Each structure stands twice: as C-alpha cells, then as structure tokens.
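First up is the structure itself, then whatever we jot down about it.
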Amino acid sequence: MHMSDRLRHAFFVPFRGAGRSAAFLATGVLVQVGVLFVLGLPWILFVPVAMWAILLAVLGPLVVVVLAGPVLTRVQRDRFRTRLGVDIPPPHTGRRPGTAEWLRSRAGHRQLRYHLLDGPLLALAGAVVLAGWAVAFAATSVYVWIWLVPLDWRVGHPGYSTWAAYVTTAGVALLYAMGWSSGALARVDTRTATVLLGPSREEQLVRRVEDLTESRANLVDAADVERRRIERDLHDGAQQRLVSLAVNLGLAKATLGDLPDDARRVIDEAHREAKEAIEELGHLVRGLHPAVLEDRGLDAALSGIAARAPLPVRVAVDLPSRPSPTIEAVAYFVVSEALANVVKHAEASRAEVVVERFGAILLVVVSDDGVGGARPDDGTGLAGLAKRVASVDGTLSVNSPVGGPTVVTVELPCAP
C-alpha cells in the first residue's frame with residue numbers, strides 16, 4: 001500500500017459507517033421521544049390538578065408503556081435489523097406469551113428495563129451525539145457562513161479569518177470525535193439490546209439443546225429412511241438376480257445330463273454358492289430394515305426373529321397403536337441384537353421378549369435363563385445397543401448377575 005493510500009485510509013477510518021450509525025441513533029431518539037411524549041402528555045393536559053389526578057397522570061402513561069412493551073420490543077428489533085443489520089432473536093420460542101405472562105417473565109423484566117431505563121439514557125446520549133454532528137458541520141462550514149454575510153460586516157470585524165480558521169479546525173476535530181462516538185454508542189446500544197431484548201444465556205443454551213435434539217432426530221430419521229431404501233434396492237434388485245441365477249443353475253443341473261463330471265461339479269458348486277449368497281443377502285436385508293416390519297409392524301417382525309432362533313423364544317407384543325417408524329426400527333434391532341447375544345454367549349435354554357406401551361414410553365424387555373454376567377461396557381453388542389437407544393433419547397439397562405438370569409430393559413420415547 002502506497003503512503004498516499006495509507007493516509008487516505010487513516011483519514012476516512014473514523015467516518016466508515018458513521019452515517020449508518022448516526023441514522024440508527026436518530027431512529028432511537030425518535031422512538032424514545034414518542035415514549036416520553038406518552039409519559040408527559042398527562043402533565044400537559046392535567047396541570048394544575050388534584051393529587052389523585054396527578055397520581056393517575058403519572059401511573060396511567062407508565063401502564064400504557066408497560067402494556068406496550070412487546071410492541072416497543074418489536075419496534076426496537078426492527079430498528080436494529082434495518083439500520084445495523086443486527087438480528088436480535090426473541091427470547092421466547094413457540095407461541096407468543098400473553099401480556100400477563102410476559103410481565104411475569106424474566107424476559108419481560110429485561111425488556112422493560114431497556115424501554116424505561118437503558119433505552120432513554122442511550123437515546124439521550126444519541127441526541128447529544130447528533131447535536132455534536134450539527135455543531136461540527138456548522139463549524140467546518142464557517143467560511144461559507146462568513147461568505148454569506150454582507151461585506152460590511154467582514155470589513156468591520158478584522159481578524160475574523162483567523163477565528164474562522166480556529167473554528168474550522170475545531171469543527172474538523174469534532175467531526176472525527178462524532179464519527180468515533182456514533183460507532184461506539186451504536187455498539188454499546190447493540191450489546192445492551194442483545195442482552196436485554198434478546199434471549200438470556202440460559203435461554204440460548206435451552207434453544208441450542210432443542211435445535212441439537214431436533215437435528216439429531218432428523219438425522220436418525222434420515223438414516224432410517226436410507227436403510228429402508230437400501231433394503232428395498234437389495235430385495236428388489238440384487239436378491240432377485242441371485243434367485244434367478246440359482247433357478248437357472250438348478251435347471252441346468254436337471255436338464256443337462258450329458259455334461260462332463262468337471263462341468264457338473266462346477267455347476268453344483270455355483271448353485272450352492274448362489275443359494276448361500278441368497279441366504280446371506282436375506283440376513284443382510286433383514287438386518288438393514290426387514291420388509292415385514294414396515295408392512296405388518298413389530299409383532300410380526302419379532303415373531304419372525306423368534307421363529308429363526310435356535311432356542312424357544314416367547315414373544316408378547318401389546319401395542320394399541322404403532323409407534324413411529326424410527327422407534328419401531330430401534331425396538332426391532334434391540335430385540336434382534338439381544339437375542340443374537342443370547343444365542344452366542346448366554347448358554348440359555350429359552351428366552352422371552354415383551355413389548356408394551358405405557359403412555360409415551362415403549363418398553364422392551366428381553367430376558368433369558370442363561371449364565372448371566374453380561375455388561376454393556378465389556379465390548380459386546382450391548383454397547384452398540386446402548387448407543388442406538390441413546391440416539392432416540394431412550395435408556396437401556398442390563399441386569400445380569402453371574403449365574404443368570406439376564407434381563408435387558410429398554411425404554412423408548414414415543415408420542416402419546
């Protein structure tokens with residue numbers, strides 16, 4: 001950057017955004033003048049009056065300003081947004097509170113403090129700054145005023161040019177001071193309004209938690225939708241092609257009787273591999289999202305798991321209505337993984353699955369008569385189950401003393 005560019009940059013720094021800040025301060029003064037007019041109008045109308053009328057004249061406008069607090073808050077937020085581009089979010093989420101509720105809330109108290117104390121003081125400071133701008137412009141243009149006066153006056157006042165130079169210099173200095181003051185006062189007003197008219201720190205944290213909870217729920221739902229899409233693609237695409245291949249290989253085995261032994265062995269091996277691939281793909285599809293779960297619900301899907309288990313499994317499902325697809329999927333995978341752990345580790349002779357709904361809670365209980373000793377933190381599938389359950393704000397508990405029995409209890413939230 002050349003020296004001239006640096007000087008030009010330094011010269012205009014105090015005035016960068018000064019016009020925008022001054023316009024912002026002017027609108028603040030206008031708003032507070034309106035409030036002061038409401039507060040002072042009764043004194044104009046009722047002076048002199050009796051004491052009770054004076055009391056009414058004081059309290060009446062104050063009540064009006066208090067009741068108009070939400071409107072004033074919206075006006076101030078619009079002022080910050082349009083003049084400075086600062087968006088101050090409302091402290092309340094959801095429905096708009098009533099006047100009585102607003103007056104009792106901490107947010108209402110903060111807003112009233114701004115409208116009745118901080119706002120007027122800042123507006124007064126803004127008026128001083130605007131007056132300073134007017135004086136600065138008048139001082140810097142003093143030569144123009146001198147040129148406009150008659151020549152006789154200038155002749156009769158020797159030394160006026162020197163004094164005009166002093167005044168112009170002071171005016172330029174005042175311009176710089178007002179440029180800095182406008183920006184500083186606008187920043188102070190912005191910080192004050194953000195604290196008093198916007199949400200508090202606690203409300204921001206609550207809103208952040210709500211946003212994160214909603215985004216996590218949306219992510220879980222999106223993942224479940226994607227699993228169902230993959231399941232449909234595998235079931236309708238790759239699995240059907242493998243079934244067709246296995247059928248064709250079976251027909252080749254049955255109809256081509258004059259093949260050499262080596263070719264027949266190759267066909268037999270390919271036929272067996274195709275059937276095993278179909279079986280493995282079927283397990284994969286059911287692990288992603290079984291079609292029966294989407295079509296017929298938890299009762300039929302869990303009955304299918306029990307039927308494929310190598311030990312007797314009693315299934316009891318009592319649901320007056322179907323929960324959301326995401327909760328259904330989590331419950332299904334809880335039972336599927338829990339029964340897989342029973343088969344692999346429990347050495348049990350039987351198991352039981354109970355699914356019930358109590359209000360807004362879906363209760364899933366999987367128990368067995370095995371050797372026990374299962375813990376969610378020992379690196380088994382129970383740790384993954386705990387994370388899956390926690391993704392929908394559910395809870396998982398395991399009661400598995402050494403020697404058994406083992407009871408896995410899961411509570412999943414669902415809309416009542």
Side-chain angles (χ1 to χ4, degrees), residues 220 224-225 227-232 234-236 239-240 243 275-276 278-370 374 380-382 384-386 388-389 391-392 394-400 404-415:
V220 171
D224 186 61
V225 170
R227 279 194 298 269
R228 284 184 297 210
R229 184 192 65 79
I230 295 174
E231 180 272 329
R232 287 194 302 269
L234 290 175
H235 182 272
D236 299 336
Q239 193 173 33
Q240 296 302 319
V243 169
K275 290 192 293 184
E276 290 177 357
I278 292 172
E279 184 178 358
E280 291 181 2
L281 187 58
H283 289 307
L284 176 61
V285 168
R286 286 192 295 269
L288 287 172
H289 193 93
V292 66
L293 177 62
E294 188 169 355
D295 297 336
R296 300 174 56 190
L298 270 176
D299 196 355
L302 298 183
S303 298
I305 296 178
R308 293 189 298 271
L311 74 163
V313 179
R314 176 181 174 271
V315 177
V317 179
D318 183 14
L319 296 177
S321 61
R322 292 184 63 173
S324 67
T326 301
I327 298 299
E328 271 192 341
V330 172
Y332 173 85
F333 290 116
V334 163
V335 175
S336 178
E337 184 64 26
L339 289 180
N341 288 337
V342 171
V343 173
K344 293 178 183 178
H345 309 293
E347 301 178 14
S349 60
R350 61 182 179 83
E352 183 176 7
V353 177
V354 178
V355 180
E356 296 179 292
R357 183 166 177 173
F358 298 94
I361 297 296
L362 182 68
L363 181 66
V364 180
V365 181
V366 181
S367 58
D368 65 79
D369 61 352
T380 63
L382 291 176
L385 274 186
R388 185 70 181 270
V389 170
S391 68
V392 292
T395 59
L396 179 144
S397 61
V398 179
N399 183 13
S400 182
T406 297
V407 180
V408 178
T409 304
V410 173
E411 295 183 1
L412 301 174
C414 52

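FYI, side chains are in, hydrogens and waters are out, and symmetry mates aren't considered; it's all heavy atoms of this structure. Keep in mind the model is a prediction, meaning the values are calculated, not measured.
- Not a single side-chain contact (heavy atoms from CB on, under 4.5 Å) links P405 to another residue, sequence neighbours left out.
- Rounded to the nearest 0.5 angstrom, L298 CG and E328 CD are separated by 4.5 Å.
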* To do: Would you sort out whether L319 and L362 count as a side-chain contact (heavy atoms from CB on, under 4.5 Å), showing the intermediate values?
  => CA-CA 9 Å; L319 296 177; L362 182 68; 3.3 Å; yes

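- Of all the heavy atoms in P312 and S349, the pair that sits closest is CD-O, 3.3 Å.
- The line from OG1 of T395 to CD of E411 is 4.0 Å long, rounded to the nearest 0.5 Å.
- L385 approaches F333 most closely through the heavy-atom pair CD2-O, 3.7 Å.
- Rounding to the nearest 0.5 Å gives a distance of 12.5 Å between CG of L311 and CD of E347.
- In this view, D369 and R350 satisfy the salt bridge (charged side-chain N to carboxylate O under 4.0 Å, His left out) rule, not counting sequence neighbours.
- The shortest non-hydrogen separation linking V342 to A348 is CG1-CB, 4.0 Å.
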* Derivation and outcome, side-chain contact (heavy atoms from CB on, under 4.5 Å), residues N399 and T409 -> CA-CA 8 Å; N399 183 13; T409 304; over 6 Å; no

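- Contact record, R357 with S321: NH1-OG, 3.3 Å, taken as the closest heavy-atom pair.
- The structure places NE2 of H345 at 11.5 Å from CG of D368, a figure rounded to the nearest 0.5 Å.
- One distance of note links CG of L412 with CG of L396; it measures 9.0 Å at 0.5 Å rounding.
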